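Computed from a prediction, not measured in an experiment: that's the story for all the values here.
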Number of protein chains: 2
Amino acid sequence: MANQANNRPQNIHNWVASELGSRIVGGFYAPGEYIPNENTICEELEVSRTSLREAFKVLTAKGLIESRPKLGTRIRERRHWNMFDPVILNWFSQSKPSPEFYTSLYEIREVFEPAAAELAAKKRTPEQLEIIEAAYAKMEAAQLGTDEVYTSDIEFHMAILDATNNEFMVSLGVSIQSALLELFRLSSTIQDDFLQSLPGHKAIYTAIEAGDSVRAKAEMNKLLSTSQETLKKNIERE
Amino acid sequence: MANQANNRPQNIHNWVASELGSRIVGGFYAPGEYIPNENTICEELEVSRTSLREAFKVLTAKGLIESRPKLGTRIRERRHWNMFDPVILNWFSQSKPSPEFYTSLYEIREVFEPAAAELAAKKRTPEQLEIIEAAYAKMEAAQLGTDEVYTSDIEFHMAILDATNNEFMVSLGVSIQSALLELFRLSSTIQDDFLQSLPGHKAIYTAIEAGDSVRAKAEMNKLLSTSQETLKKNIERE
DNA sequence: GCGCCCTCTTTTGTCTTAGAAAATATGCCG
DNA sequence: CGGCATATTTTCTAAGACAAAAGAGGGCGC
């Protein structure tokens, strides 16, 4: 069972939501299955019904469960899970997800990030360009061996998403960034790979600066495909 | 103010969530702003604190608000709103969103649906192909002037997303489908446009059947760009 | 007068108890 | 045996009390 116990975060209902959420995405409760009734779970987790119900509302809002009087509460089919909820993605990351999970995630990334680079090249404002440049500078300055390597990389990509001036692009980025961070850490990408990726990042920046949307898209495509290969290699090696 | 009153749905906390959610995405409460404290809102909406708090948890789960003791509850910045939550998209649709909203939504659609068609052509199972075919048949049989015109269209696209065997693609589709339905209705696309779009849909189906991913992608691209033009025209006409 | 600590106040967080409403299961009656 | 009323289970809503977080302000020492 996915167990979050011991380290209860700030407030109880979040802890309960995270405990139950992890169980669900981890497969401890299967879709279609009815989970025990509220009082039973209250006893198991030693929380009040108020807190449990607040946690249930969180899970319901994310599409994981549905409750009805007399029938109880059951796990919804996976297609209703809101996969672009950052919290759900975190629960996935923590549950040692199947390789397909990360494959699918990367597939999505390879779909929308090149398009984002293309859009950014067309629509970015001067201020947004500066932010992208600053993010790139941060990558160059990142201390190897620290988390900066990963966070600055993600920051660079987020800056591009922001520069699309498309709210949905931004939302996608916000959603998956923490899952990506987890993936980067997990695959413990070697420093060499990071250094080798710098020219690719620079090329994207240059293309966006020049307003060359075709090149921006192509460069992003190239970057992501080599990055994915590297990740695959590193994960398999474990 | 976005007002959902009168027609309270099944349960109270959902009604409260939807009332407050509409106010937020409708701009009645601005990001960064603190909303009145719990007791005040309870009195205004004439609900118990229990229900209000359950509604708050829903809104918190969707990234719209955040609460802290003593400080109160405030609206989060838009970048934290989970734009791919179907419920949030519904609240948007109901609040007469800006044209940019639908432009951005369509921009996203033009990014991931061609990619989905491409993937589906590569990965679809025979069963999934049958479902796509059935959805197309439903389009051909749809009674003009009814909602079938819209729902069968959306069903066709959902079937393709399913056929990608990528959970994230499916989730994107589930999220935006009801917003699309609203958009279709709102733009009251003329029947001629629908009839003219049938060959394009058929072409996509044929390409997926043949496993021709390049053509599937190209056809989807073509379909979406003409569809977007039509929508623009119809919306402007109002 | 200035800075630090302690207390006070406000607001959300948690628990408890009680009863209402929904929806199935049961059993009585014709 | 069928249909209707009743019982039962579970979530839903309400209300009241206290705990905990986190500023705000006042008093004290220097």
Side-chain angles (χ1 to χ4, degrees), chain A residues 4-21 23-24 29-76 80 87, chain B residues 4-21 23-24 29-76 80 87:
Chain A
Q4 302 276 321
N6 307 330
N7 54 335
R8 298 195 177 191
Q10 340 73 341
N11 52 36
I12 300 218
H13 62 258
N14 277 338
W15 170 75
V16 174
S18 144
E19 168 69 27
L20 296 177
R23 287 187 191 180
I24 294 169
Y29 297 129
E33 179 185 342
Y34 280 89
I35 64 180
N37 68 34
E38 294 180 345
N39 286 320
T40 310
I41 300 188
C42 285
E43 286 173 24
E44 189 211 335
L45 300 182
E46 297 177 314
V47 296
S48 75
R49 222 181 124 221
T50 307
S51 296
L52 179 70
R53 281 184 58 78
E54 291 187 359
F56 269 22
K57 290 305 158 259
V58 171
L59 299 177
T60 306
K62 296 185 185 306
L64 292 181
I65 61 175
E66 59 187 348
S67 308
R68 285 169 66 195
K70 168 76 183 179
L71 300 181
T73 299
R74 75 167 155 185
I75 314 299
R76 297 187 75 188
H80 291 114
V87 178
Chain B
Q4 302 278 322
N6 308 328
N7 52 336
R8 296 196 179 190
Q10 338 75 337
N11 51 35
I12 301 222
H13 62 258
N14 276 337
W15 170 75
V16 174
S18 141
E19 168 68 27
L20 297 178
R23 288 186 190 180
I24 294 169
Y29 298 130
E33 181 184 341
Y34 280 90
I35 64 180
N37 68 35
E38 293 180 347
N39 285 320
T40 310
I41 299 188
C42 285
E43 284 173 26
E44 190 212 336
L45 300 182
E46 297 177 314
V47 297
S48 73
R49 214 179 134 220
T50 309
S51 296
L52 179 70
R53 282 184 57 80
E54 291 187 359
F56 269 23
K57 291 304 157 258
V58 171
L59 299 176
T60 306
K62 297 185 186 305
L64 293 181
I65 61 174
E66 58 187 348
S67 308
R68 285 170 66 195
K70 169 75 181 180
L71 299 183
T73 299
R74 74 167 156 186
I75 315 299
R76 298 187 74 188
H80 292 113
V87 179

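- Among all heavy-atom pairs drawn from A:Lys62 and B:Ala61, the shortest one is NZ-O, 2.7 Å.
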Could you pull out every donor-acceptor pair under 3.5 Å between side chains of residues 65-73 of chain B and any protein atom, sequence neighbours left out?
{"unit_1": "B:Glu66", "atom_1": "OE2", "unit_2": "B:Arg74", "atom_2": "NE", "d": "3.4"}
{"unit_1": "B:Ser67", "atom_1": "OG", "unit_2": "B:Thr73", "atom_2": "OG1", "d": "2.8"}

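- Closest approach of B:Leu52 to B:Cys42, counting heavy atoms only: CD2-SG, 3.7 Å.
- B:Glu46 places its CD atom 16 Å from the C1' atom of D:dA15, with the value rounded to the nearest Å.
- Between B:Ser51 and B:His13, the shortest heavy-atom distance links the atoms O-CB, 3.6 Å.
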N/O contacts under 3.5 Å, protein versus nucleotides 6-10 of chain D?
{"unit_1": "D:dT10", "atom_1": "O2", "unit_2": "A:Lys70", "atom_2": "N", "d": "3.2"}

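- Atoms OH (B:Tyr34) and P (D:dA22) sit 11 Å apart, rounded to a whole Å.
- B:Arg53 pairs by the side-chain hydrogen bond (donor to acceptor under 3.5 Å, both in side chains) definition with A:Glu54, B:Glu38, not counting sequence neighbours.
- For the pair A:Ile35 CD1 and D:dT11 C1', the computed distance is 12 Å after rounding to whole Å.
- For B:Lys57, there are no side-chain hydrogen bond (donor to acceptor under 3.5 Å, both in side chains) partners two or more places apart in sequence or in a different chain.
- Every side-chain hydrogen bond (donor to acceptor under 3.5 Å, both in side chains) that A:Asn37 has, sequence neighbours left out, goes to A:Thr40.
- Nearest heavy atom pair, residue A:Gly21 against residue A:Leu64, reads CA-CD1, 4.3 Å.
- Atom CD1 of A:Ile24 is separated from atom CZ of A:Arg76 by 11.5 Å, given to the nearest 0.5 angstrom.
- For B:His13, no side-chain nitrogen or oxygen approaches OP1 or OP2 of D:dC12 to under 4.0 Å.
- For B:Asn39 and D:dA17, the CG to C1' distance is 13 Å, given to the nearest whole Å.
- Atom-to-atom, CH2 of A:Trp15 to P of C:dT14 comes out at 12 Å; the value is rounded to the nearest Å.
- For the pair B:Glu43 CD and D:dA14 P, the interatomic distance rounds to 14 Å; values are reported in whole Å.
- Regarding A:Ile12, its CD1 atom lies at a distance of 19 Å from the P atom of C:dT12, rounded to whole Å.
- Sorted by residue number, the members of residues 49-65 of chain A with any non-hydrogen atom under 4.0 Å from DNA chain D read A:Arg49, A:Arg53, A:Lys57.
- We find that CG of A:Asn11 is positioned 11 Å from P of D:dA21, with the value rounded to whole Å.
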